[in-house]
Amino acid sequence: MQLNGKVAVITGAASGIGHGIAKRFAEAGGRVCIADLNLEAAKAAAAEIGDEKVAIAVGMDVANEAQVQAGVDAAAKAFGAIDILVSNAGIQIVHPIEEFPFEDWRKIISIHLDGAFLTTKACVKYMYAQKSGALIYMGSVHSHEASPLKSAYVAAKHGILGLARVMAKEGAAHNVRANTICPGFVMTPLVERQIPEQAHDLGITEERVVKEVMLGETVDKQFTMIADVAEVALTLAAFPTNALTGESIIVSHGWHMN
Ligand code: NAD
């Protein structure tokens, strides 16, 4: 699977899964725009990948329309096209619903759903004009399954699937496809933070959170790795036709099977 100079905007790519996808895309001959709230970390990630012909960094809050537009325009100006969007930026906040602050609910919904909407809108302007593109959304097993304490996250991740399916239909006329990747638990800073929080909220040890809550339903009690998710993203980005569209691909060691 090769990207042959294709340009990808990857949100939340200063850390974790997005960072791994950016590295994998560059290895496969792509050019990447690392768009992240944390500009310093985005710059460091871009510098690690290559010079500005291969990787650039933009500061972007995906929930801010002006920042999204400016960041996508900057990537198009630097590289001359936008071929791939990986809408990946995300956060996690866990609480039982009766204690869930409305502000935290709004924050999760906004970063995941407003972020996916705004980045899609900004990127399809370029994709529709050039009559090609691949939209890739970072869903989760929680796009298909529910877990206690995660009302906002599960609602947001189910919403991502809906947006991706609409984009598969709207994008088809413009040769743009849309798919969702649904990982199980991947050991990134987002998950590391959840272990003590869930242990506290569920009243169990951190070891039990990992073994029972996070990996209990997998077929082999293994974490999904960043590299696994990056490989699926590369397949979706480089796929030669639009046969693969409107799909959600679950990469979770069998935690959820479609
Ligand atoms: P991470 O915390 O390692 O990285 C998230 C990145 O997003 C950070 O660099 C952060 O600065 C950035 N970010 C946060 N808010 C932002 C905003 N408003 N605008 C722009 N950037 C912002 O997290 P991760 O585990 O790599 O998660 C990436 C995506 O994968 C998320 O959408 C997450 O829901 C999803 N996911 C993660 C797992 C997992 O187990 N780690 C599983 C399934 C899905």
Side-chain angles (χ1 to χ4, degrees), residues 9-24 33-46 57-72 85-94 104 106-119 122 136-145 147 150 152-161 163-164 180-195 197-198 209-210 213-215 217-218 222-230 232-233 248-253 255-256:
V9 173
I10 306 167
T11 68
S15 172
I17 293 172
H19 186 219
I21 292 173
K23 282 204 286 194
R24 186 71 189 95
C33 171
I34 310 241
D36 204 286
L37 197 56
N38 185 341
L39 179 59
E40 286 315 305
K43 282 182 179 165
V58 298
M60 179 193 289
D61 176 354
V62 294
N64 178 308
E65 185 168 20
Q67 288 185 29
V68 169
Q69 195 63 62
V72 170
L85 165 67
V86 184
S87 171
N88 164 79
I91 59 164
Q92 177 62 282
I93 303 172
V94 296
D104 286 350
R106 296 282 297 264
K107 199 171 167 190
I108 290 206
I109 298 293
S110 173
I111 293 172
H112 291 265
L113 285 181
D114 296 358
F117 164 74
L118 291 172
T119 51
I136 300 171
Y137 298 92
M138 198 52 64
S140 163
V141 162
H142 285 114
S143 300
H144 298 273
E145 286 269 356
S147 293
K150 295 191 173 174
Y153 188 82
V154 171
K157 290 301 192 190
H158 275 65
I160 294 281
L161 269 190
L163 174 66
T180 307
I181 305 176
C182 296
F185 280 99
V186 184
M187 193 47 94
T188 68
L190 179 141
V191 162
E192 277 170 50
R193 282 190 292 271
Q194 278 178 64
I195 297 170
E197 286 170 14
Q198 292 218 20
V209 170
V210 171
V213 180
M214 296 185 165
L215 304 180
E217 300 290 321
T218 63
Q222 299 288 315
F223 275 103
T224 299
M225 305 304 281
I226 289 174
D228 299 319
V229 183
V232 174
S248 94
I249 300 192
I250 301 167
V251 48
S252 72
H253 282 265
W255 167 13
H256 184 89

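Keep in mind it's a predicted model, so treat the numbers as computed, not measured. Atoms within a ligand are numbered from 1 in the order they appear, just like the ligands themselves.
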Does E145, at its CD atom, have more than 12 non-hydrogen atoms belonging to other residues, nucleotides or ligands within less than 6.0 Å? yes
T188 and G16 have their tightest heavy-atom pair at CG2-CA, 4.0 Å
For ligand 1, run through the N/O pairs with the protein that fall under 3.5 Å and put one pair on each line.
unit_1: ligand 1; atom_1: 2 (O); unit_2: R193; atom_2: NH2; d: 3.4
unit_1: ligand 1; atom_1: 3 (O); unit_2: S15; atom_2: OG; d: 2.7
unit_1: ligand 1; atom_1: 9 (O); unit_2: D36; atom_2: OD1; d: 3.3
unit_1: ligand 1; atom_1: 9 (O); unit_2: D36; atom_2: OD2; d: 2.7
unit_1: ligand 1; atom_1: 11 (O); unit_2: D36; atom_2: OD1; d: 2.6
unit_1: ligand 1; atom_1: 18 (N); unit_2: D61; atom_2: OD1; d: 3.0
unit_1: ligand 1; atom_1: 19 (N); unit_2: M60; atom_2: O; d: 3.3
unit_1: ligand 1; atom_1: 19 (N); unit_2: V62; atom_2: N; d: 3.0
unit_1: ligand 1; atom_1: 21 (N); unit_2: L37; atom_2: N; d: 3.3
unit_1: ligand 1; atom_1: 25 (O); unit_2: T188; atom_2: OG1; d: 2.4
unit_1: ligand 1; atom_1: 26 (O); unit_2: I17; atom_2: N; d: 2.8
unit_1: ligand 1; atom_1: 32 (O); unit_2: N88; atom_2: O; d: 2.7
unit_1: ligand 1; atom_1: 32 (O); unit_2: K157; atom_2: NZ; d: 3.0
unit_1: ligand 1; atom_1: 34 (O); unit_2: Y153; atom_2: OH; d: 2.6
unit_1: ligand 1; atom_1: 34 (O); unit_2: K157; atom_2: NZ; d: 3.1
unit_1: ligand 1; atom_1: 40 (O); unit_2: V186; atom_2: N; d: 2.6
unit_1: ligand 1; atom_1: 40 (O); unit_2: V186; atom_2: O; d: 3.2
unit_1: ligand 1; atom_1: 41 (N); unit_2: V186; atom_2: O; d: 3.1
unit_1: ligand 1; atom_1: 41 (N); unit_2: T188; atom_2: OG1; d: 3.1

By ring-ring contact (aromatic ring centres under 6.0 Å, His included), H253 pairs with (sequence neighbours left out) none
Can you tell me how the ring of Y153 sits relative to the ring of H142, calling it parallel under 30°, perpendicular over 60° and tilted otherwise? perpendicular
Go through it in stages, so that I can follow the logic: the residues are I10 and I34, the test is side chain to side chain contact (heavy atoms under 4.5 Å, CB included), and I'd like the CA-CA distance, side-chain angles, deciding distance and then a yes or no. CA-CA 5 Å; I10 306 167; I34 310 241; over 6 Å; no
So which heavy atom on G184 is nearest to which on W255, and how close? CA-CE3, 3.7 Å
